[in-house]
Amino acid sequence: MSDQLSAALAATVQSARKARGLTVAALGEASGVSRAMISKVERGDAQPTAVLLAKLSGALGMTLSELIARAEGDSSRLRRTAQQATWVDPDTGYERRAVSPASSAAVELVDVVLPPRAEVSYPAEAYQFIDQQIWMLDGQLRFVEGEQTHELEVGDCLHLGNPVDCKFMNPGDAECRYLVVLGKNAAPRRAVSPQNGSR
C-alpha cells in the first residue's frame with residue numbers, strides 16, 4: 001500500500017469516527033482496540049494490520065473495503081484493474097484487492113490472496129453489517145467459522161452464517177486465492193456467542 005493511501009486511510013478513520021460522534025476512547029471500547037493504537041493509526045504513525053482495521057471498520061459500521069474506497073475518494077462506476085486498491089497485511093502478507101467500484105452501495109467484490117501456511121482471524125463484529133460468500137479460485141482454504149471448519153477447494157462457494165469469530169487459513173504450500181462477495185446490510189446482524197453455536 002502506498003504512503004499516500006496510508007495517510008488517506010488514517011484521515012478516513014479519524015473522519016469516520018468523528019462523523020459518528022465517537023471519541024477515541026468510545027471507538028476503542030466498541031472495537032476492542034486500545035486508545036493508544038487508534039491514535040497512532042489516525043496520526044499515520046502505525047501501519048495497521050487487516051485484523052485491526054476489521055475491528056475498527058466493524059465498530060464504525062463499515063467494511064474494510066469501504067474504508068479503503070473512502071480513502072481513495074473515488075466515486076466512479078468503472079474501476080480499472082490498475083485502479084483497484086490493494087491492501088497487504090504487514091503481519092501475514094495477506095493481500096486484499098478491492099475489485100468493486102466505490103459507487104457500488106449494496107455489493108462489494110474483494111479478491112484475496114493468502115500466502116502458504118498463513119492465517120488471518122476476524123472477530124464476529126467485523127461481519128455485523130454484511131452478508132458474505134466465499135468463492136474459491138485457486139488453491140485450498142481452511143475456513144474456521146466459530147466451532148465449524150470448512151475445507152474449501154477450487155470452485156467451492158460458501159455462504160457464511162450469523163456473525164461469529166472466523167479464521168482464514170491456507171494449509172497448503174502454494175498461495176490460495178478466493179473472491180469474497182459482500183452484501184451490505186442496513187442493520188447489524190446478531191453476533192452469535194460460542195455457547196450458542198456457529199449458526
Side-chain angles (χ1 to χ4, degrees), residues 1-16 31 33 37 40-58 60 62-123 126-127 129-130 132-143 152 154 157-158 160 166-170 172-184:
M1 187 173 64
S2 68
D3 292 340
Q4 184 177 4
L5 180 55
S6 294
L9 188 58
T12 300
V13 170
Q14 184 180 64
S15 63
S31 66
V33 178
M37 178 55 72
K40 286 182 179 180
V41 169
E42 291 188 353
R43 291 196 306 266
D45 292 340
Q47 184 177 359
T49 65
V51 174
L52 188 147
L53 278 180
K55 291 180 179 180
L56 292 178
S57 63
L60 291 169
M62 295 187 290
T63 66
L64 176 54
S65 300
E66 283 180 287
L67 276 179
I68 295 174
R70 288 194 186 188
E72 289 186 299
D74 180 14
S75 60
S76 65
R77 292 188 297 114
L78 173 63
R79 178 173 285 181
R80 304 286 186 186
T81 301
Q83 299 171 321
Q84 295 168 4
T86 298
W87 165 266
V88 179
D89 181 12
D91 279 358
T92 64
Y94 157 94
E95 183 177 302
R96 177 187 179 101
R97 180 165 57 92
V99 177
S100 298
S103 61
S104 177
V107 177
E108 287 182 25
L109 302 178
V110 183
D111 188 356
V112 179
V113 175
L114 193 60
R117 307 297 177 182
E119 61 179 65
V120 177
S121 300
Y122 284 106
Y127 300 97
F129 296 89
I130 57 176
Q132 181 168 314
Q133 295 184 41
I134 302 169
W135 182 33
M136 287 297 299
L137 301 176
D138 197 17
Q140 297 175 304
L141 177 68
R142 180 172 296 145
F143 180 67
L152 304 179
V154 176
C157 186
L158 173 68
L160 274 63
C166 294
K167 183 181 294 185
F168 294 81
M169 307 170 66
N170 180 354
D173 295 321
E175 290 182 340
C176 76
R177 181 174 169 231
Y178 51 93
L179 185 70
V180 176
V181 182
L182 304 170
K184 303 175 191 177

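Remember, predicted model here, so these are calculated numbers, not experimental data. For the single chain, residues carry numbers from 1 onward in sequence order.
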Would you say the side chain of [Y] lies within less than 4.5 Å of the side chain of [X], judging by non-hydrogen atoms?
X: L109; Y: V181; answer: yes
X: P101; Y: L78; answer: no
X: L9; Y: L53; answer: yes
X: Y94; Y: T49; answer: no

Looking at every non-hydrogen atom in both residues, tell me the closest pair between [X] and [Y] and how far apart they are.
X: P48; Y: V41; answer: CB-CG2, 4.1 Å
X: C176; Y: Q140; answer: CB-O, 3.2 Å
X: N170; Y: L114; answer: ND2-O, 3.0 Å
X: C157; Y: Q133; answer: SG-OE1, 3.5 Å
X: K167; Y: S121; answer: CE-OG, 3.3 Å
X: M169; Y: E119; answer: CE-OE1, 3.5 Å

From [X] [atom1] over to [Y] [atom2], what is the distance, rounded to the nearest 0.5 angstrom?
X: R97; Y: D111; atom1: CZ; atom2: CG; result: 4.0 Å
X: I130; Y: L182; atom1: CD1; atom2: CG; result: 4.5 Å
X: E95; Y: E175; atom1: CD; atom2: CD; result: 7.5 Å

| message | Under the criterion side-chain contact (heavy atoms from CB on, under 4.5 Å), I'd like the reasoning laid out for R117 against D173: C-alpha separation, chi angles, the key distance, then a yes or no. | response | CA-CA 7 Å; R117 307 297 177 182; D173 295 321; 2.9 Å; yes
| request: Decide if the gap between the ring center of F168 and the ring center of Y178 is smaller than 6.0 angstrom. | output: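 Ring centroids of F168 and Y178 are less than 6.0 Å from each other.
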| Should the pair R177-D138 be classified as a salt bridge under the 4.0 Å nitrogen-to-oxygen rule? |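 Not counted as a salt bridge, because no side-chain N and carboxylate O are separated by less than 4.0 Å.
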